[in-house]
Protein chains: 2
Amino acid sequence: MLLVEDDRVLADLLVWHFEREQFVIRQTGDGDEALLLAEEFAPDIVLLDWMIDGVSGIEVCRRLRRSPATANVPIIMLTARGEESDRVRGLETGADDYLTKPFSPRELIARVGAVLRRVRPALAGEALRYADVEMDVVAHKVRRGGKAVPLGPTEFRLLRHLLEHPGRVFSRERLLDAVWAHDAEIELRTVDVHVRRLRKALNEGGRGDLIRTVRSAGYALDANAD
Amino acid sequence: MLLVEDDRVLADLLVWHFEREQFVIRQTGDGDEALLLAEEFAPDIVLLDWMIDGVSGIEVCRRLRRSPATANVPIIMLTARGEESDRVRGLETGADDYLTKPFSPRELIARVGAVLRRVRPALAGEALRYADVEMDVVAHKVRRGGKAVPLGPTEFRLLRHLLEHPGRVFSRERLLDAVWAHDAEIELRTVDVHVRRLRKALNEGGRGDLIRTVRSAGYALDANAD
DNA sequence: TGAAGCTGTAACAGCCGTGTCGCAAAGCGG
DNA sequence: CCGCTTTGCGACACGGCTGTTACAGCTTCA
């Protein structure tokens, strides 16, 4: 998420609120810098004040829409300009929503939720997270620390199941039931092999193990696995 | 478009405005009837008053979201309930936008435009874009990096569908449903062949592949496909 | 009516994912 | 320290999935 707002007090307030909602947020009060940050960090959504230093908010909006790299980023305009003509102009320039100051953080969060639900369903509830692992179920993608992790279908389903119940220990039997076809007659030890493959893929970047082995019980997702 | 509003005067005013904007609009003031109409006419967007006869607006919203046939229809709530808690509740129930009476028809039209641009860009007269690909739906033209890409009708519809949901993985069944006639009984593998033809056409200029194959799942549009 | 283009299907080759095995390594209890 | 149990590891063969090509039937347009 990228917040473009030059009012320090409001900016800090919003950053605090959104970080509490698990957003990764960057902030600037300058239009030119906003464009650079948007290119570089490919935010999931942009909150944009109209009256800022450098390039104006409406112009930032226009340029974001024009650049292929950012053309699809959702934008919520966030401004004191409450005239109907301003609102219409903002929306017609390509903003997805337009909120007039003063507004409550709660409403803004709700609107961000509504827009994200529409644009990237994965980000508004269908994304599974644990520690620095992120799974986009719809796009069928997994990232750890922002870096893509290539997984086979079975490894993907296995990780998905673990992410849906983080911390919980599953016996091999339970995992076979949950991850494999329910009528599959498969050797129990096969689970070990897939856990191993999943571990290998996840730890590729030299990071710590996320899967804890519980002797004579099974496996669990656990940030302090080692 | 479906308008659910029991205030006759406001309803007539809005119908007049939207018909002038080339919308095909149906109107009712009753919640139960609204649900039936939504099923039957599959509107592109729903404008929904909170306080109506029969099932309440918020409940209509919830049920539209729950039914598979209407789960993806964009909804704008349109009501006199201006309390922040009402707005948040509306948005969290699945509404895409929330407008408090009184509002100007012009702003509503702008917001309808913003939502449609997001959900069905083709309907809002917008070009579809992803990475360096640009599709003009009306003119039936596709360009990549500014250079025209010749596509057959099926390839065009296939790409269009992918562009409308970038990043998302579609199974072959889903693609057959979305891209081919809904009653077509076609071999699943046929999708592969069309994907290949589309890939070939798009990558003619020696650019990287934009379509990601997800083994045992389907295909997705993805800038980092390889 | 003829040619060109588009579409759906079948066939085949190559590759990736999967399940299993044997052995090494690590816990665990005495 | 020893022996037993459980888990990790590498290798391998099989099977299924996907990419690719060729071809025949069909539509479209001149």
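Naming: A, B, ... by sequence-line order, numbering from 1 per chain.
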So B:T190, base contact, sugar-phosphate only, or nothing? Heavy-atom distance under 4.0 Å.
base

Between protein and nucleotides 17-30 of chain D, map the contacts as a letter string: B base, S sugar-phosphate only, - none, heavy atoms under 4.0 Å, written 5' to 3'.
SBBSB---------

My understanding is that only residues two or more places apart in sequence, or in another chain, count here; which of them pass salt bridge (charged side-chain N to carboxylate O under 4.0 Å, His left out) with B:R65?
B:D96

By salt bridge (charged side-chain N to carboxylate O under 4.0 Å, His left out), A:R62 pairs with (sequence neighbours left out) A:E59

Using the test ring-ring contact (aromatic ring centres under 6.0 Å, His included), find all partners of B:F18 that sit at least two apart in sequence or belong to another chain.
B:F23

Sequence neighbours excluded, which residues qualify as salt bridge (charged side-chain N to carboxylate O under 4.0 Å, His left out) partners of B:R106?
A:E84

Can you sort out the partners of B:T93 under side-chain hydrogen bond (donor to acceptor under 3.5 Å, both in side chains), two or more places apart, ordered by chain and number?
none

A:R189: what forms a salt bridge (charged side-chain N to carboxylate O under 4.0 Å, His left out) with it, not counting sequence neighbours?
A:D192

Does B:E185 or B:P153 map to a spot on DNA chain C nearer the 5' end, using the closest nucleotide for each?
B:P153

By ring-ring contact (aromatic ring centres under 6.0 Å, His included), which residues pair with B:H17, not counting sequence neighbours?
none

Could you list where the contact with chain A starts and ends along DNA chain C, reading 5' to 3', using a 4.0 Å heavy-atom cut-off?
C:dG17 to C:dC28

Bending between helix ends of the helix from C:dT1-D:dA30 to C:dG30-D:dC1 [5 pairs per end, 10° resolution]:
40°

Ignoring hydrogens and geometry, is there a side-chain-to-backbone donor-acceptor pair from A:R66 to A:C61 under 3.5 Å?
no

B:S216: which residues meet the side-chain hydrogen bond (donor to acceptor under 3.5 Å, both in side chains) condition with it, sequence neighbours left out?
none

Without placing hydrogens or testing angles, list every side-chain donor-acceptor pair under 3.5 Å for residues 142-159 of chain B, not counting sequence neighbours.
unit_1 : atom_1 : unit_2 : atom_2 : d
B:R144 : NE     : B:D132 : OD1    : 3.1
B:R144 : NE     : B:D132 : OD2    : 3.4
B:R144 : NH1    : B:L202 : O      : 3.2
B:R144 : NH1    : B:N203 : OD1    : 3.3
B:R144 : NH1    : B:G208 : O      : 3.3
B:R144 : NH2    : B:G208 : O      : 3.1
B:E155 : OE1    : B:G152 : N      : 3.1
B:R157 : NE     : B:V179 : O      : 2.9

